[in-house]
Amino acid sequence: MHRRMTVAALMAAAALICFVYLRIEVPMAFGLTGKVYFGYTFILIGALLTGRWYGALAGAVGLTMADLLAGYITSALPTFLSFAVLGYLAGAGADWWRARYGETKWMALTVSAVAFTIFAVVEPLIRSTFKYFVLGYPFPMAVGSAGNVFIASLLCAPATFILLAVLYPAVRRALPELTQALIRDRSKMQKSAAATTRI
């Protein structure tokens, strides 16, 4: 558990740093801006290594703290929910893949692509719903902001997956004992959960 918590915390911190120092503000419709940044990669790596719950925690905490530090107070709750979804999906997908096929060459990119695609649809819905019902945005602006968020996600996708393709194998090569221990921990937990379900 301590290993997973440590890795999740490191990935959350890396995502935060990317948002605070490396984000690009892109002007979009309704006078709003889209935020293009590269923290997605670290959330995905954390989730792939630590599983669904720690992956959700890394995503939610890392990017929520980034919003708060950058002054985007009203974005914090939607950010928490959206990135918890991304981390959970990537972690759950990695668990499912490894249980059936093992740690294959294309696991990280395939699982991350599916998780990111679902996230790219869910995040605009969460943010536009929050803006309309909580912040009181006019409906056209709330819907328009959803489109902005979706476009920003698409702009982030190429760099996210290029970095993932480079960094995930690099982390596994640099820390082979740690990453294998993390994966073994996840496998043991899955087997234990499956046995409990059968009982």
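Quick caveat, the model's predicted, so the values are computed rather than measured. What's counted below: heavy atoms across the whole structure, side chains too, no hydrogens, waters or symmetry copies.
Among residue pairs with one or both ends in residues 6-28, those qualifying as salt bridge (Lys or Arg N to Asp or Glu O under 4.0 Å) are Arg23-Glu25; sequence neighbours excluded. Contacts classified as salt bridge (Lys or Arg N to Asp or Glu O under 4.0 Å) and involving residues 132-154 (residues at least two apart or in different chains) are not found.
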Steps toward side chain to side chain donor-acceptor pair (under 3.5 Å) verdict (Thr79, Arg127): CA-CA 8 Å; Thr79 294; Arg127 292 192 182 279; 2.7 Å; yes

Check against side-chain contact (heavy atoms from CB on, under 4.5 Å), Arg52 and Asp95: CA-CA 8 Å; Arg52 64 194 73 186; Asp95 288 346; 3.6 Å; yes

ring-ring contact (aromatic ring centres under 6.0 Å, His included) between Tyr40 and Phe161, worked out: CA-CA 9 Å; Tyr40 296 106; Phe161 291 109; 9.1 Å; no

Worked verdict on Leu69 versus Leu16 for side-chain contact (heavy atoms from CB on, under 4.5 Å): CA-CA 9 Å; Leu69 290 173; Leu16 184 155; 3.9 Å; yes

Test log, rule side-chain contact (heavy atoms from CB on, under 4.5 Å), inputs Phe19 and Tyr72: CA-CA 12 Å; Phe19 183 85; Tyr72 296 110; 4.0 Å; yes

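In terms of hydrophobic clustering, with Ile, Leu, Val, Met, Phe, Trp and Tyr side chains grouped at heavy-atom distances under 4.5 Å, Val7 and Leu63 are assigned to a common cluster. Following chains of ILVMFWY side-chain contacts shorter than 4.5 Å, one can reach Val85 starting from Leu81, so the two form part of one hydrophobic cluster. Hydrophobic cluster membership differs between Val143 and Leu154, with clusters built from Ile, Leu, Val, Met, Phe, Trp and Tyr side chains linked at under 4.5 angstrom. Grouping the Ile, Leu, Val, Met, Phe, Trp and Tyr side chains by contacts below 4.5 angstrom, directly or via other members, places Tyr101 with Leu48. In terms of hydrophobic clustering, with Ile, Leu, Val, Met, Phe, Trp and Tyr side chains grouped at heavy-atom distances under 4.5 Å, Val61 and Tyr21 are assigned to a common cluster.
Of all heavy-atom pairs between Ala90 and Ala47, the closest is CB-CB, 3.7 Å. Between Ala142 and Ser128 the shortest heavy-atom distance is O-CB, 3.1 Å. Nearest heavy-atom pair, Ala76 versus Leu68, reported as atom, atom and distance to 0.1 Å: CB-CD2, 3.8 Å. Looking at every heavy atom in both residues, Cys18 comes nearest to Tyr37 through O-CB, 4.4 Å.
Between the CD1 atom in Ile126 and the NZ atom in Lys131 there is a gap of 12.5 Å [rounded to 0.5 Å]. Atoms CZ and OG, from Phe80 and Ser75 in turn, are 15.0 Å apart once rounded to the nearest 0.5 Å. Taking CZ of Arg4 as the reference point, atom CG of Leu49 lies at 11.5 Å (rounded to 0.5 Å). Here Ile151 contributes atom CD1 and Cys156 contributes atom SG; the two are 12.0 Å apart, rounded to the nearest 0.5 Å. Expressed to the nearest 0.5 Å, how far CZ of Phe83 lies from CG of Leu86 amounts to 6.5 Å. Rounded to the nearest 0.5 angstrom, Met11 CE and Thr41 OG1 are separated by 10.5 Å.
Residues passing the ring-ring contact (aromatic ring centres under 6.0 Å, His included) test with Phe150, sequence neighbours excluded: none. Listed by chain and residue number, nothing satisfies the side-chain hydrogen bond (donor to acceptor under 3.5 Å, both in side chains) test with Thr64 (two or more places apart in sequence, or in another chain).
Counting heavy atoms of neighbouring residues, nucleotides and ligands inside a 6.0 Å radius, atom OH of Tyr132 does not exceed 12 of them.
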Can you give me every donor-acceptor pair (side chain of residues 109-120, partner residue at least two apart or in another chain, under 3.5 Å) with its distance?
unit_1, atom_1, unit_2, atom_2, d
Thr110, OG1, Trp106, O, 2.7
Ser112, OG, Ala108, O, 2.7
Thr117, OG1, Ala113, O, 2.7

Which pairs of donor and acceptor atoms, one on a side chain in residues 164-174, lie under 3.5 Å apart (sequence neighbours left out)?
unit_1, atom_1, unit_2, atom_2, d
Tyr168, OH, Arg98, NH2, 3.1
Tyr168, OH, Glu103, OE2, 2.7
Arg172, NH1, Glu103, OE2, 3.0

